[in-house]
Amino acid sequence: MIRVLLPHHLQTLASCEREVTLDVGASVTQCSILDALEARYPMLRGTVREHVTRKRRPRVRFFAAGEDVSHDSPDTELPASIAAGEQPFMIVGAVAGG
Amino acid sequence: MTAIRILVGTRKGAFILTSDVKRKQWSIDGPHFAGWEIYHVKGSPVDPNRLYVSQTSSWFGQIIQRSDDGGKTWSQPGSDGSEKPAEGGMPQGESNLFVYDTSDATGKPLTTHQWYDGTQHPWEFARVWHLEPSLDDPDTCYAGVEDAALFKTTNGGVSWHELAGLRGHETGPDWAPGAGGMCLHTVLLDPSNKDRIFCAISAAGAFRSDDRGATWKPINKGLHSEYIPDPTAEVGHCVHRIAIHPSNPNTLFMQKHWDVLRSDDGGDSWREISGNLPSDFGFPIAVHSHEPDTIYVVPILSDSLHYPPDGKLRVYRSRSGGEEWEALTKGLPQEHCYVNVLRDAMAVDTADPCGIYFGTTGGQVYASNDDGDSWEAIVRDLPAVLSVEAQTIS
């Protein structure tokens, strides 16, 4: 199972804890994680990535295994520690405005 | 009538203030959707327990919330399973989907509008500023959005489609954002004519449809705006709010960036009625619920200084439909007050005497239960107030 950490506002929107676990399948990428997240919590559609373009929203960032992977291709395989559930995939609201 | 309910949207959540018709004791409920910007909360005129909410975030986008029990519980429309499932069997999450209609059948091409520097900029959806429920169907509601366009739902907010004739108007490339963005912030439905809809956009102006939103015409004749290259242009005016009285919907009142104006021909022409106001800059304008020629504004010093003249918070009332104004100060701070009152943050109830309500960027919601003669803060220290609506519950 893949572990995903959500920012506060998305926890309240989905009525879930900070960490959720998802069955993503064999290919563990940003795209497959977000597909699984939105299938489990449809109310999050459009909040992490745009509804139509499915691009990451500008003020959302992704971290995996201590690296900022926000600008990686959404179809790039994520590190093995994410796929193994040893470390969480982090969805973070960008810090702006203090 | 049995109760008055005030729906307050703030920078950090929604609040519901409730009183009996005496309007002396208020209960405060909230925050709902804590931490989110709530641009607008408005109830259906035919089912006051049906509330629509625009919940928005620059980080996480647009959310539509709905209540069917007067704000006790909320849901995103369609999330109860009534929405058509997608391929994977889950709801499609359409209730938050505001996509400009570019289809051949009903849409218009995604064109550009004027940007702050005068260049052209593509239309980009940012948020819903204003929700206007239908006068006769609780499942039908209009949404005014940024970048300026008008959307409509006929299924209780489960899905929204654009009335693309407005955005596609030939003057679209001349529309420009105001300081708050290029927002469609006012939607008025004519109770005497179901075909007629008014809307207003910063900074494009006022528009009218006489065919239920299919086509639109600018209605800005008589507006004079020194801050645009042609002060009497057909579009480009920063209209801040328009208001009508249900019994006399051919008369409209407007608070423009500068100037307060009036039209007596459904917006075909306007004349200035600023009269003796200490400043004719401001945001909201409201009409007394029982006196169609009694109107209220909150003068603000200027567009650079978004606070009241002389540090005194004063509502101005005209009982003559404009030109002659009186300051209403009893109960309002008359020194060291530097708050603003935003365009959707003033409302009236239909009780007798008329109740008037407004919220400030300082987090106070002031109420008058005597036509504006005196005021009292019914709640203080909320987050900055973005919108105020009043419901009179039978």
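Only this structure's heavy atoms are used, side chains among them; waters, hydrogens and symmetry mates stay out. So you know, we letter chains A, B, ... as the sequences are listed, proteins then strands, and number each from 1. What you see is a predicted model, and the numbers here were worked out from it, not measured in a lab.
- In this structure, the ring pair (Phe, Tyr, Trp, His ring centres under 6.0 Å) partners of B:H121, at least two apart in sequence or on a different chain, are B:H113, B:W115.
- Each of A:D35, A:L13, A:V48 has some count of heavy-atom pairs under 4.5 Å with chain B, and the biggest count is that of A:L13.
- By the salt bridge (Lys or Arg N to Asp or Glu O under 4.0 Å) test, B:E124 pairs with no residue at all, sequence neighbours left out.
- Within 6.0 Å of CD on A:E67 lie no more than 12 heavy atoms contributed by other residues, nucleotides or ligands.
- A:P58 does not touch chain B: none of its heavy atoms, backbone or side chain, sits under 4.5 Å away.
- Between B:F15 and the options B:I6, B:L382, B:D29, a side chain to side chain contact (heavy atoms under 4.5 Å, CB included) holds for only B:L382.
- Contacts of B:Q62 with chain A are absent, with no heavy-atom separation under 4.5 Å from either backbone or side chain.
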